[in-house]
Peer 1: 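Let me give you the structure first, and then I'll get to my questions.
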Amino acid sequence: MRILFFGRGVISTQYAWAFEKAGHTVEFYVRKGKKETFGSSIELEMWDARRGKQLIKESWNVKLHEELSPNYDLIIVSVNTEQLPEAAQLLSTAAGNTPVLIFNNVWQDLKSSISPLSMNNVVFGFPVGGGGIADNRLRGGFLKMLFLEKPRVGTEHINNKVKELFESAHFKINWIKDMQNWLWNHFAMNAAMETEVLKMGSFPALMNHSDSFANVGKNMREITPVLKARGAKIDTISLLLTKIPPAILGTLFKKVIFAKGSLPRLFIEYNNSKAGFAVLEVMREAKNLGIPLPRLTVAIENNEQHKAIENSIS
């Protein structure tokens, strides 16, 4: 299968590597000027957990394009959430009828988030991995499992193509019946986590403060009315975050979910991205709904970039 990844970020690079190893042809679309900046290879130091826990260290040659063409079997989009509208607009004019997998976090209504692309040509999924890129060196990893929406009427052929692709590379698909609801809950949890990242200053700093993990549950309780007001059903994980006592939740995160040496912890420790966008989006929605978010507001106000963020939602 010939696959084009939209962007050469952490997730795109790792899954592209896995697909190439499985015998597929993978290429990347990057913005003008990035081809020269990125170069023809990237240094990998990542954990592959599909068959045990393997550390991959290699210099991997990649093929980059600064122009889009429809000559692919599948296009996979995994970009920063704020970049998704621009990606969808570009694909609507340059990708032709090539099916698209949106492998991304989404807070908006799914149909409007990928407009003017047709929902009949798009399926939604979510990776399970992470990390960061610095100085053309990727540090991170991915797990065997990933999330993919169950076929909608009209998307069965795309779902089958995506299913065959991931299974050929030995990934395991966790099928999601209501992807819209799943993504809303996941995005809200990201906002709850990023609120604490803003306080600590970075994702790695979060790992050393158990109080921050306890606060994630408190933040989630504050965000829950926003989810309910927009018609979301609170899923099991979101519900647990709001029901487990903060002290116990902090211990659970630190000792189990993000235990020292675990891959989820390493993914966050390698994450060098800037936090705040998820918090901003939830605050914007809460403001439209008239729902106060004091904990998120304090985190934004105490952040050095709070003025720019406040201006963008005022």
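Side chains included, hydrogens not; waters and symmetry mates left out as well; all remaining heavy atoms used. Remember, predicted model here, so these are calculated numbers, not experimental data.
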Peer 1: Using modelled atom types only, decide if a donor and an acceptor are shared between the side chain of Arg8 and the backbone of Val62 within a distance under 3.5 Å.
Peer 2: no
Peer 1: Which pairs of donor and acceptor atoms, one on a side chain in residues 191-207, lie under 3.5 Å apart (sequence neighbours left out)?
Peer 2:
from, atom 1, to, atom 2, distance (Å)
Glu194, OE1, Gly276, N, 2.6
Thr195, OG1, Ala191, O, 2.7
Glu196, OE1, Asn215, ND2, 3.3
Glu196, OE2, Lys199, NZ, 3.1
Glu196, OE2, Asn219, ND2, 2.8
Ser202, OG, Ala205, N, 3.2

Peer 1: Give me the atom names and distance for the closest heavy-atom approach of Val79 to Phe6.
Peer 2: CG1-O, 3.5 Å
Peer 1: Give the cluster check for Phe187 versus Ile268: same hydrophobic cluster or not, with ILVMFWY residues linked at side-chain heavy-atom distances below 4.5 Å.
Peer 2: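 Yes, Phe187 connects to Ile268 through the hydrophobic network.
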Peer 1: Can you tell me how far the CZ atom of Phe171 sits from the CG atom of Leu165, to the nearest 0.5 Å?
Peer 2: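 Separation between the atoms: 9.0 Å.
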Peer 1: Starting at CG of Leu280, measure out to CZ of Arg284 and round the result to the nearest 0.5 Å.
Peer 2: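 The CG atom of Leu280 sits 4.5 Å away from the CZ atom of Arg284.
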Peer 1: Is the shortest side-chain N to carboxylate O distance from Glu66 to Arg31 below 4.0 Å?
Peer 2: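 Salt bridge flag = no for Arg31 with Glu66.
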Peer 1: So, for Ser41 and Asn136, which heavy atoms are closest and what is the spacing to 0.1 Å?
Peer 2: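 Smallest interatomic distance, heavy atoms only, reads O-ND2, 2.8 Å.
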Peer 1: So do the side chains of Val122 and Val77 get within less than 4.5 Å of each other, counting heavy atoms only?
Peer 2: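 They are not in contact (no side-chain heavy atoms under 4.5 Å apart), so the answer is no.
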Peer 1: Are Gln14 and Leu138 close enough, and set up right, to give a side-chain contact (heavy atoms from CB on, under 4.5 Å), and what steps lead you there?
Peer 2: CA-CA 9 Å; Gln14 294 184 112; Leu138 186 154; 3.8 Å; yes
Peer 1: State, with a plain yes or no, whether a side-chain heavy atom of Leu64 is found less than 4.5 Å away from one of Lys34.
Peer 2: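 A side-chain contact under 4.5 Å is absent here.
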Peer 1: Quick check for you: to the nearest 0.5 Å, what is the distance between Asn121 atom CG and Leu91 atom CG?
Peer 2: 10.0 Å
Peer 1: Applying side chain to side chain donor-acceptor pair (under 3.5 Å), name anything that partners Gln180, two or more places apart in sequence or on another chain.
Peer 2: none
Peer 1: Check Pro70 against Ala95 and note the closest heavy-atom contact, atom names and distance.
Peer 2: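 Looks like CB-O, 3.4 Å.
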Peer 1: Please tabulate, for the side chains in residues 240-261, all donor-acceptor contacts under 3.5 angstrom to protein atoms that are two or more places apart in sequence or on a different chain.
Peer 2:
from, atom 1, to, atom 2, distance (Å)
Thr242, OG1, Leu239, O, 2.8
Thr251, OG1, Ala247, O, 3.2

Peer 1: Keeping Trp47 on the side-chain end and Gly140 on the backbone end, is there a donor-acceptor pair under 3.5 Å?
Peer 2: no
Peer 1: In sequence, state the C-alpha distance, the side-chain angles, and the governing distance for Trp107 and Thr81, and then conclude on side-chain contact (heavy atoms from CB on, under 4.5 Å).
Peer 2: CA-CA 8 Å; Trp107 178 241; Thr81 309; 5.5 Å; no
Peer 1: Taking Asn80 for the side chain and Gln83 for the main chain, is one N or O donor matched with an acceptor at less than 3.5 Å?
Peer 2: no
Peer 1: Would you indicate whether the side-chain heavy atoms of Ile176 and Lys150 approach each other to under 4.5 Å?
Peer 2: no
Peer 1: Do Tyr29 and Tyr72 have their ring centres less than 6.0 Å from each other?
Peer 2: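 Ring centroids of Tyr29 and Tyr72 are no less than 6.0 Å from each other.
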Peer 1: Mind listing the closest non-hydrogen atom pair of Gly290 and Pro292 along with its distance?
Peer 2: O-CD, 3.8 Å
Peer 1: Salt bridge or not between Lys32 and Glu67? Use side-chain N to carboxylate O under 4.0 Å.
Peer 2: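 Looking at Glu67 together with Lys32, the answer is yes, because their closest N to O distance falls below 4.0 Å.
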Peer 1: Evaluate the criterion side-chain contact (heavy atoms from CB on, under 4.5 Å) for residue pair Ile102 and Val100; output intermediate values, then yes/no.
Peer 2: CA-CA 6 Å; Ile102 303 295; Val100 177; 3.7 Å; yes
Peer 1: Compute whether any side-chain donor of one residue and acceptor of the other, for Ser238 and Asn185, lie under 3.5 angstrom apart.
Peer 2: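 Looking only at side-chain atoms, Asn185 and Ser238 do form a donor-acceptor pair, the distance falling under 3.5 Å.
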Peer 1: Quick one: do Asp48 and Arg50 make a salt bridge, cutoff under 4.0 Å?
Peer 2: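 Yes, this pair counts.
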Peer 1: Could you check whether any side-chain heavy atom of Glu281 comes within less than 4.5 Å of a side-chain heavy atom of Gln108, counting everything from C-beta outward?
Peer 2: yes
Peer 1: As an exercise, state the distance from OG1 of Thr224 to CD1 of Ile234, rounded to the nearest 0.5 Å.
Peer 2: 5.0 Å
Peer 1: What do the steps show when you test Glu27 against Ile3 for side-chain contact (heavy atoms from CB on, under 4.5 Å), and what is the final call?
Peer 2: CA-CA 6 Å; Glu27 300 173 2; Ile3 308 155; over 6 Å; no
Peer 1: Any non-hydrogen side-chain atom of Asn174 less than 4.5 Å from a side-chain atom of Leu148?
Peer 2: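 Asn174 vs Leu148: side chains apart.
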Peer 1: Do His24 and Arg2 have side chains that approach each other closer than 4.5 Å (heavy atoms only, starting at C-beta)?
Peer 2: no
Peer 1: Quick one: does any side-chain atom of Ser113 pair with a main-chain N or O of Leu110 as donor and acceptor, under 3.5 Å?
Peer 2: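 Answer holds: yes.
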Peer 1: Checking side-chain hydrogen bond (donor to acceptor under 3.5 Å, both in side chains) for the pair Trp175/Glu149: CA distance, chi angles, key distance, verdict?
Peer 2: CA-CA 6 Å; Trp175 294 98; Glu149 70 168 327; over 6 Å; no
Peer 1: With rounding to the nearest 0.5 angstrom, report the CE to CG distance, Met283 to Asn288.
Peer 2: 12.0 Å
Peer 1: According to ring-ring contact (aromatic ring centres under 6.0 Å, His included), does anything in residues 269-297 pair up with another residue at least two apart or in another chain? List the pairs.
Peer 2: none
Peer 1: Judged by atom type as modelled, is there a donor-acceptor pair below 3.5 Å linking the side chain of Thr93 to the main-chain atoms of Leu90?
Peer 2: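 Yes, Thr93 side chain to Leu90 backbone: donor-acceptor pair under 3.5 Å.
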Peer 1: Any heavy-atom pair between the side chains of Leu183 and Met179 that's under 4.5 Å?
Peer 2: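 SC-SC contact between Met179 and Leu183 confirmed.
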Peer 1: For the atom pair NZ (Lys218) and OG (Ser212), what is the distance rounded to the nearest 0.5 Å?
Peer 2: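 So the NZ of Lys218 and the OG of Ser212 are separated by 10.5 Å.
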Peer 1: Restricting to pairs with a member in residues 220-234, which pass salt bridge (Lys or Arg N to Asp or Glu O under 4.0 Å), not counting sequence neighbours?
Peer 2: Arg230-Glu285
Peer 1: Can you confirm whether Leu101 sits close enough to Phe124 that some side-chain heavy atom of one is under 4.5 Å from a side-chain heavy atom of the other?
Peer 2: no
Peer 1: If the condition is side chain to side chain donor-acceptor pair (under 3.5 Å), which residues does Lys177 pass it with, not counting sequence neighbours?
Peer 2: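 For Lys177, no residue satisfies side chain to side chain donor-acceptor pair (under 3.5 Å) once neighbours in sequence are set aside.
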Peer 1: According to the interplanar angle, ranging from 0 to 90°, do the rings of Trp182 and His186 count as parallel (below 30°), tilted (30 to 60°) or perpendicular (above 60°)?
Peer 2: parallel
Peer 1: Looking only at the aromatic ring of each residue, does the gap between the centers of Phe103 and Tyr15 stay below 6.0 angstrom?
Peer 2: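 Yes, the ring of Tyr15 comes within the 6.0 Å limit of the ring of Phe103, centre to centre.
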Peer 1: If you group Ile, Leu, Val, Met, Phe, Trp and Tyr by side-chain heavy-atom gaps below 4.5 Å, do Ile114 and Leu4 land in one group?
Peer 2: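 Both belong to a single hydrophobic cluster.
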Peer 1: Between Leu263 and Ala49, which heavy-atom pair has the shortest distance, and what is it?
Peer 2: CD1-CB, 3.7 Å
Peer 1: Distance-only, no hydrogens or angles: does the Asp135 side chain make a donor-acceptor pair with backbone N or O of Arg137 under 3.5 Å?
Peer 2: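 Checked: no pair found.
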Peer 1: Around atom CD of Glu82, are there more than 12 heavy atoms of other residues, nucleotides or ligands at under 6.0 Å?
Peer 2: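 Result for CD/Glu82: enclosed.
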Peer 1: Which atom pair, heavy atoms only, marks the closest approach of Met220 to Ala188?
Peer 2: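 For Met220 and Ala188, the tightest heavy-atom pair comes out as CE-CB, 3.7 Å.
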Peer 1: When the aromatic ring centroids of Phe166 and Phe19 are compared, is their separation below 6.0 Å?
Peer 2: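 So the answer is yes for these two rings.
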